[in-house]
Number of protein chains: 2
Amino acid sequence: MENHIIVAEDHPLFRAALQTALQQALNTPEVTEADTIAALQGALESDANPDLVLLDLNMPGAHGFSGLLYVVGQHPKVPVVVISAQDDEAVIRKAINYGASGFIPKSSSMDVIKSAIQGIINGEKWIPDNVDMSKEAGQEKSEIEEKIATLTPQQFRVLGMISEGMLNKQIAWELNISEATIKAHVTAIFRKLGVRSRTQAVIALQQLELEGSDNSQNNQQPPISNS
Amino acid sequence: MENHIIVAEDHPLFRAALQTALQQALNTPEVTEADTIAALQGALESDANPDLVLLDLNMPGAHGFSGLLYVVGQHPKVPVVVISAQDDEAVIRKAINYGASGFIPKSSSMDVIKSAIQGIINGEKWIPDNVDMSKEAGQEKSEIEEKIATLTPQQFRVLGMISEGMLNKQIAWELNISEATIKAHVTAIFRKLGVRSRTQAVIALQQLELEGSDNSQNNQQPPISNS
DNA sequence: ACCATTGCCACACCATTGTATGGGCCGGAC
DNA sequence: GTCCGGCCCATACAATGGTGTGGCAATGGT
C-alpha cells in the first residue's frame, strides 16, 4: 500500500531518522518533509488528506501547542502524531486531549517508533505505556485554544509573524500581498481571539505555552504549623 | 537588634506564615509587606537599604525572574531571598546566579524557613541541601536579563503594564501621569532592550520565562512498548 | 560652586495600527 | 446553478504608537 506521510520536524538529523523508520515500517511510503509550520501548511494544501502527520512541538512558526491545534482544527480527519523531546505526562495528556492520535517521545528507540507508526496507521492510538491516561481524561480545551483552531491558514501565518514582532508592512512583503490585506487579516484575527491589539494577541499566545507547565500554587496552603 | 525586612509575596496566607516565621526567627523585626511588584518598588524607595527582601517569583507585575533581576539591578547591596513554589534545581540555580542570596521552597517547614532566614541575615547563603550547586556554577546572565536590570523603577513599572497589553493611555491613567511621559518612558525602554515596538518588548520578556524550562532531551531510556 | 549625569516631563511631528466600507476572484457545498 | 466563505485589494479615517527636542529638578563627583 502507498501511504502519504507528512513529517513536520525541525531538526534535520531527527527528520532523517524518522525517514528511515518510515521506510522500514511501511511499504513504499510517500513522505513529504516540512521544517516549518509554513511548510506544513503548504503540504496540507497540496494534499489535504495525508494518511498521517508526524508533528514536532516547538517548530519555528508555532508556539507550544498552537501548531497541533491548528492542524486538528483545520483538518480534523487527518491523524496527527506528536513527536517531542518533552515527555512529561502532562504534555502527553494535553497532546492527546487536543486531538493528537499518538505521542512518540524523541527518546524512543527505532523499533518503538516503527511499531508506533504501524499501529497508528491502522487506526490505533499510541502512547508510551508508562503514562496513565485514565485519570482526568476529560479535560477541555481552554478558550484561547479553541479560538486558534478557528483561524484560517493565512490568518494563522499572519498571527505567527505578528508574534515574532514583525510590522504589518514587513508581513505584507514577506507574503507578497498588500499591507491593506494584512490589516484585514489582522482585524479578523483580533476578532476571533477577542483582543484589541497585536500586543494582546501575542500575550494570548503566551498563555498557551504556560498552560502545560502546570503547577504551582493552585491551592497549596503553607505547610506550616508553628509553635 | 532591629531588622527591616520586606516581604514581597502575593498569597496572603503564605505572607502571614512568613510573618510568623520572621517574628520567631528575629528579634522584633520591622516587616513591610508588598503584594505586588509595584508595592515592592514603593517599599524600596522608602527604605533603600532593608536588611532583607523575601521575594516570591510570579508576582503580579513581574514575569518569571524579571522581578528579581530588577531588584538586584537597582539595589545590588540588598540581600534577596527567593521564595517559590517551583523548586526545580534549574530554577534554584538560576535564582542564585541572578543574584539571590538564598532560595526557600514554599514546601519548607517552618523550622527550615526560620533557620534559613537567620542564616541569611548573618550573611550566609542558603539553599535547600539536596541541590548540587557546584556544577556549572559560572553561568552568565543572558542579554535580556542584563538589560532589564538597567531599567529605572518607573520604566520597569511601565514595561510590566505594556506586557499586560495595556495602552499608553491606560498606563498613564493608572500611574497618574501624562501619556506624553509614558511615551518617553516607552522609548527609553525600547532603547535599553534593543527593540523597536512594544510587541517586540513583550516578546523579549517571554524569552526570560522560557529560558529556565530548558532541558530537552536528557532522557536516554527507551522504555516503551505499546498499547 | 560647578558640571555632568540621570530621571522625569511636555509639546510637536510623523509612522504605524486598527476599523469600516466596498469590491472582485475563486472553489466547494447545497 | 447559487450561495457562502476564504482570500485579495483599495480608500479613507481615527486612534495609537514612537521619536526628537528641550526643559526642570535632584544627585554626585570635582
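Values below: every heavy atom of this structure, side chains too, minus hydrogens, waters and symmetry copies. Residue numbers begin at 1 in each chain, while the letters A, B, ... track the order of the sequences. Not measured: the values here are computed from a predicted model.
What separates CD of B:Gln200 from P of C:dT17 is a distance of 10 Å, to the nearest Å.
Residue A:Asn168 places at least one side-chain N or O closer than 4.0 Å to OP1 or OP2 of C:dT17.
Taking the nucleotide of DNA chain C with the nearest heavy atom to each of B:Gln154 and A:Arg196, the more 5' of the two is matched to B:Gln154. A residue-by-residue look at A:Ser178 and A:Lys192 shows that A:Lys192 has its nearest nucleotide of DNA chain D further toward the 5' end.
Judged by distance alone, with hydrogens and angles left aside, the side-chain atoms of B:Glu9 form a donor-acceptor pair with the main-chain N or O of B:His11 at under 3.5 Å. Within the 3.5 Å criterion, the main-chain N or O of A:Asn49 finds a donor-acceptor partner in the side chain of A:Asp47. A donor-acceptor pair is defined here as one N or O able to donate and one able to accept, closer than 3.5 Å; no such pair exists between the side chain of B:Glu33 and the backbone of B:Val7.
Residues passing the side-chain hydrogen bond (donor to acceptor under 3.5 Å, both in side chains) test with A:Gln23 are A:Gln19, sequence neighbours excluded. Residues satisfying the salt bridge (charged side-chain N to carboxylate O under 4.0 Å, His left out) criterion with A:Lys114, sequence neighbours excluded, are A:Asp111. Applying the side-chain hydrogen bond (donor to acceptor under 3.5 Å, both in side chains) criterion to B:Asn168, with sequence neighbours excluded, gives B:Arg198.
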Identify the pairs formed between an N or O of the protein and an N or O of nucleotides 23-30 of chain C at a distance under 3.5 Å, and give each distance.
none

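Where DNA chain D meets chain B (any atom under 4.0 Å from a heavy atom), the bounding nucleotides read 5' to 3' are D:dT16 to D:dG20.
The pair B:Asp56-B:Lys106 counts as a salt bridge, with a side-chain nitrogen and a carboxylate oxygen less than 4.0 angstrom apart. Salt bridge A:Glu146/A:Lys192: absent, no basic N to carboxylate O contact under 4.0 Å.
Annotation: proximity of residues 179-191 of chain A to DNA chain C (heavy atom, distance under 4.0 Å) is found for A:Lys183, A:Val186, A:Thr187, A:Phe190, A:Arg191, numbered in ascending order.
Residue contacts for B:Pro153: at a heavy-atom cut-off of 4.0 Å it reaches no nucleic acid atom on any strand shown.
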* **Pair B:Gln154-B:Thr181, side chain to side chain contact (heavy atoms under 4.5 Å, CB included): steps then yes or no** => CA-CA 11 Å; B:Gln154 195 75 328; B:Thr181 306; over 6 Å; no
